[in-house]
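Each remark here refers to the structure printed beneath this line.
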Number of protein chains: 2
Amino acid sequence: MATTIDDVARAAGVSTSTVSYVLSGKRPISAPTRQRVERAVRDLGYRPHAGARALASSRTNVLALMAPLRVDVNVNVIMQFVTGVVTAARAYDHDVLLLTADEVAGLERVASRSMVDALVMMDIEADDPRVPVLVGLRQPAVLIGLPRDPAGLSCVDLDFEAAGRLAVRHLARLGHRRVALLGSPRAVLERHTSYAERMLRGFTQEVADAGLEGVFEPCESDMAGAVASVDRVLERLPDVTGLVVHNEVALPWVVATLRERGRRVPDDVSVVAVCPADVATNQPLPLTSVDIPAHTIGKVAVEMATARIEADQPAETRLLTPVLVERASTAAAPG
Amino acid sequence: MATTIDDVARAAGVSTSTVSYVLSGKRPISAPTRQRVERAVRDLGYRPHAGARALASSRTNVLALMAPLRVDVNVNVIMQFVTGVVTAARAYDHDVLLLTADEVAGLERVASRSMVDALVMMDIEADDPRVPVLVGLRQPAVLIGLPRDPAGLSCVDLDFEAAGRLAVRHLARLGHRRVALLGSPRAVLERHTSYAERMLRGFTQEVADAGLEGVFEPCESDMAGAVASVDRVLERLPDVTGLVVHNEVALPWVVATLRERGRRVPDDVSVVAVCPADVATNQPLPLTSVDIPAHTIGKVAVEMATARIEADQPAETRLLTPVLVERASTAAAPG
DNA sequence: GTGAAAGCGCTAACAG
DNA sequence: CTGTTAGCGCTTTCAC
C-alpha cells in the first residue's frame with residue numbers, strides 16, 4: 001500500500017516523469033516503455049495521490065454542487081438534477097463535492113482552498129446573493145436557472161417562459177378559453193425563484209396573446225394546499241376548463257380535488273402538468289405534460305463547467321426548448 | 001490572490017511554522033504573535049491550499065457519502081439522511097463528497113487516492129458487496145444499516161426490529177388481534193435490504209409472542225401498488241383491524257384506499273406508520289407513527305466516522321431505540 | 001523518446 | 001515560545 005509514482009518508476013525501470021507522462025498522455029511514449037509502465041501500475045495497484053496531484057497541477061478533478069436540500073422544494077426533481085450532475089461528472093472524470101444551499105460561505109471556502117475546479121449551482125433566484133460571490137472566484141461557475149443578471153456566468157435551464165406559453169397554446173388549440181396556472185409554493189415565489197417567475201411570465205403572455213381569460217394561483221406542496229388552491233381557482237374562474245400545474249408534489253391532489261368538486265378530467269377540465277416525464281406518467285391518469293428534463297440539464301451544466309475548466313471560453317446561457325407530450329388529461333374544451 | 005502561508009509569515013514577521021501552528025493550535029503561541037498572525041491572515045484573505053495540506057498531513061477534511069439516488073427508494077427519507085450527514089460533517093469541519101450507489105468502484109477510487117478521511121454508506125443490504133471492499137481500505141467506514149456480518153465496520157441505524165415489535169405491541173394493547181404489515185417494494189426486499197428484513201422480523205416475532213394473527217405484504221411505491229397491496233391484505237385477512245405501514249410514499253394512498261373500501265381510520269382500522277415524523281404529521285389525518293430519525297442517524301454516522309479518524313478506536317454498532325408517538329390514526333379495536 | 005530536478009504549499013520533526 | 005528544514009507525491013520545465 002501507499003505506492004508512489006517512484007515505486008512505479010523503479011518497478012518499470014524508467015524515470016518518474018515517464019510514468020507521469022504515460023498516465024497523462026501529455027507526450028508521446030514508445031510502445032514498449034508504455035507497456036512496461038502500465039504493467040507496473042497494474043501490478044502495484046498504483047493510484048495517484050489526489051492532493052499531490054492537485055498541488056502540482058492546480059487541478060482537483062472535483063466539482064462543487066450546491067443543491068437546495070430544503071424540504072419545501074420538490075425533492076424528487078432535485079434528486080434528478082443531482083444524479084444528472086453526478087453521473088455526467090463521472091463521465092468527465094470528476095467527483096462531486098456536495099454543498100447545501102444554506103451555506104453560501106461554502107462557495108468561498110471550497111473555491112479559495114482550491115478544493116474544486118468548478119462550481120454548479122441549483123435553484124437560482126432572480127437576485128441570487130451567490131452570484132456576486134461566484135463572479136469573484138477564480139473557478140468557472142454554472143448556474144442551473146437564470147438570474148436577472150448572469151454577470152458573466154454560464155447558465156442552463158429549461159426555457160420555462162416558453163414552457164408556459166407552450167402549455168397555454170396547447171389548451172388554446174383545444175378550444176379552451178378560460179385557463180389557470182397552479183404554480184409554486186408562496187415561499188418559492190417570494191424568494192423570486194427564477195423558474196417560477198419565468199413560468200408565470202410565459203403563461204401570462206400567451207394568455208394575453210391568445211385573448212384568453214387566465215388566473216394564477218400559488219400552490220403549497222401538500223394536500224391541504226392543493227385543495228385550497230384548486231378551490232380558489234374555481235372560485236375566481238368558475239367555468240375554467242384548462243389547468244396548467246407546475247408543482248409536482250401537489251399534482252395528484254389537484255387532480256383528485258377536481259374530481260371531488262365534480263369536474264371530470266379531461267371531459268370538464270383539461271390538465272397540463274409541467275414536471276419530469278416519469279412523474280406525469282406515474283399518475284393514476286397519465287397526464288399531458290411539458291417535460292422538465294432534469295437529468296439532461298444536470299448533464300449540460302457539467303459539460304459547460306468542464307469546458308470552461310480546460311479552455312478559457314466565454315460564458316453562455318443555454319435554454320432548452322420545452323416539449324409537450326399529449327397524454328390522457330387534455331381534450332377539446334367542453335360545449 | 002493565491003496567497004500562501006509564506007506571504008502570511010512575511011507579513012506577520014514570523015516563520016511559516018508559526019503561522020501553521022497558529023492556525024492548527026497544535027502548540028502554544030504567545031498572545032502578541034498570535035494576534036499579528038491572525039491579523040495578517042485576515043488582511044491577506046489567506047486560505048490554506050487543501051491539496052497541499054492533504055499532502056503534508058494525510059488529512060483531507062472530506063468525507064465520502066455513498067447515497068442510493070435510485071428512484072425506487074424513498075427519496076424524501078434519503079434526502080433527510082443526506083442533509084443530516086452534510087450538516088454534521090460541517091460541524092466537524094469536513095466537506096462531503098457524494099458518490100452514487102451504482103459506483104462501487106468509486107469507494108476504491110476516493111479511498112486509495114486519499115481523497116477522503118472516512119466513508120459513510122447508506123442503504124446497506126444483508127450481504128452488501130461494498131462491505132468487503134470497505135474493510136480493505138485504510139480509511140474508517142460507517143454503515144447506515146446493518147449487514148449480516150459487519151466485519152469490523154461501524155454501523156448505525158434505527159433498531160427496526162424493535163420498531164416492528166413496538167408497532168405491533170401498540171396495536172395489541174389497543175385490543176387488535178388481526179394485524180398486517182405493508183412493507184417495502186419487492187425490489188427492495190429482493191436486494192435483502194437490511195431495514196426491510198429487520199422490520200419484518202420484529203413484526204413477525206411480536207405477532208407470534210402476542211398470539212396475534214398477522215400477514216405481510218410488500219408494497220410498491222406508487223398509487224397502483226398501494227391499492228393492490230391493501231386489497232391483497234383485505235383479501236387475505238378480511239377482518240384486519242390493525243395496519244403497520246413501512247413505506248412513506250405509499251402512505252397517503254394506503255389510507256385513501258382503506259377509506260374507499262369502506263374502512264374508516266381509526267374506527268375500523270388503526271394505522272401505525274413507520275416514517276419520519278414530519279411525513280406522519282403532514283398527512284390529511286395525522287398518523288400514529290414510529291419515527292425514523294433520519295437526520296439524527298446521519299449525524300451519529302458522522303460522529304462515529306470522525307471519532308475513528310482521530311483515534312484508532314474500535315468499531316461499534318449503534319441501534320437507536322424507536323419511539324412511538326400516538327396521533328389520530330389508532331384507536332381501540334372495534335367490537 | 002526519455003531523464004533530472006525544481007517546485008507546488010503545507011506540516012511536523014528537530015533544534016534552540 | 002519560535003525558527004529551520006526536510007519532506008509529502010506529483011507535474012512540468014529544461015536538457016539531452
Side-chain angles (χ1 to χ4, degrees), chain A residues 1-38 40-41 44-62 93 110-115 117 138 309-310, chain B residues 1-38 40-41 44-62 93 110-115 117 138 309-310:
Chain A
M1 276 302 149
T3 42
T4 73
I5 197 171
D6 289 304
D7 299 332
V8 176
R10 213 167 303 127
V14 299
S15 72
T16 62
S17 58
T18 297
V19 176
S20 177
Y21 284 120
V22 166
L23 259 35
S24 70
K26 288 191 180 174
R27 87 178 178 190
I29 302 283
S30 72
T33 355
R34 171 191 288 98
Q35 277 156 20
R36 289 223 310 291
V37 171
E38 282 167 348
V41 166
L44 299 177
Y46 168 68
R47 303 297 202 120
H49 186 289
R53 178 171 274 186
L55 181 55
S57 69
S58 315
R59 283 293 186 73
T60 62
N61 279 36
V62 174
D93 195 29
V110 301
S112 58
R113 304 195 127 183
S114 302
M115 299 177 75
D117 294 335
R138 275 190 312 289
I309 295 172
E310 320 278 346
Chain B
M1 275 301 148
T3 45
T4 74
I5 196 171
D6 289 305
D7 298 332
V8 177
R10 213 166 302 129
V14 300
S15 72
T16 63
S17 59
T18 297
V19 177
S20 177
Y21 284 120
V22 166
L23 260 35
S24 70
K26 289 192 181 174
R27 86 180 180 190
I29 302 283
S30 72
T33 359
R34 171 190 288 97
Q35 277 156 20
R36 288 225 309 292
V37 171
E38 282 167 348
V41 166
L44 299 177
Y46 167 68
R47 303 298 201 119
H49 186 289
R53 178 172 273 185
L55 181 56
S57 69
S58 315
R59 283 292 186 74
T60 62
N61 278 37
V62 175
D93 195 29
V110 299
S112 57
R113 303 196 130 184
S114 302
M115 299 178 76
D117 294 334
R138 277 192 310 290
I309 295 172
E310 319 278 347

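Numbers restart at 1 for each chain; the letters A, B, ... are given by sequence-line order, proteins then strands. No experiment lies behind these values; they were computed from the predicted model shown.
- Proximity of Thr3(B) to Val8(B): side-chain heavy atoms (C-beta onward) are nowhere separated by under 4.5 Å.
- Residue Asp117(A) holds its CG atom at 9.0 Å from CD of Glu310(A), rounded to the nearest 0.5 Å.
- For Arg27(B), the salt bridge (Lys or Arg N to Asp or Glu O under 4.0 Å) test picks out no residue, with sequence neighbours left out.
- Distance, Arg47(A) CZ to dC10(D) C1': 16 Å, rounded to whole Å.
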Could you go through residues 45-56 of chain A and list every donor-acceptor pair under 3.5 Å that involves a side-chain atom there, pairing it with any protein atom two or more places apart or in another chain?
residue	atom	partner	partner atom	Å
Arg47(A)	NH2	Glu108(B)	OE1	3.0
His49(A)	ND1	Gly51(A)	N	3.0
His49(A)	ND1	Ala52(A)	N	3.0

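- Here the side chains of Val22(A) and Val19(A) are not in contact, with every heavy-atom distance at 4.5 Å or above.
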All N/O donor-acceptor pairs, side-chain side in residues 29-38 of chain A, below 3.5 Å, sequence neighbours left out:
residue	atom	partner	partner atom	Å
Ser30(A)	OG	Thr33(A)	OG1	2.2
Thr33(A)	OG1	Ser30(A)	O	3.3
Arg34(A)	NH1	Ile29(A)	O	3.3
Arg36(A)	NE	Ala12(A)	O	3.1
Arg36(A)	NH2	Ala12(A)	O	3.1

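- Nearest heavy atom pair, residue Leu44(A) against residue Ala11(A), reads CD1-CB, 4.0 Å.
- When the local axes at the two ends of the helix from dG1(C)-dC16(D) to dG16(C)-dC1(D) are compared, using 5 base pairs at each end, they differ in direction by 30° after rounding to 10°.
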Protein-nucleotides 11-15 of chain D N/O pairs under 3.5 Å:
residue	atom	partner	partner atom	Å
dT11(D)	OP1	Arg53(A)	NE	2.7
dT11(D)	OP1	Arg53(A)	NH2	3.2
dT11(D)	OP2	Ser20(A)	OG	3.0
dT12(D)	OP2	Lys26(A)	NZ	3.2

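- When side chains are defined from C-beta on, Val62(A) does not count as touching Met115(A), because their heavy atoms never get closer than 4.5 Å.
- In summary, contact between chain B and DNA chain C, defined as any nucleotide atom under 4.0 Å from a heavy atom of the protein, begins and ends at dG9(C) to dC14(C) in the 5' to 3' direction.
- Note: Arg113(A) CZ to Asn61(B) CG = 7.5 Å, rounded to the nearest 0.5 Å.
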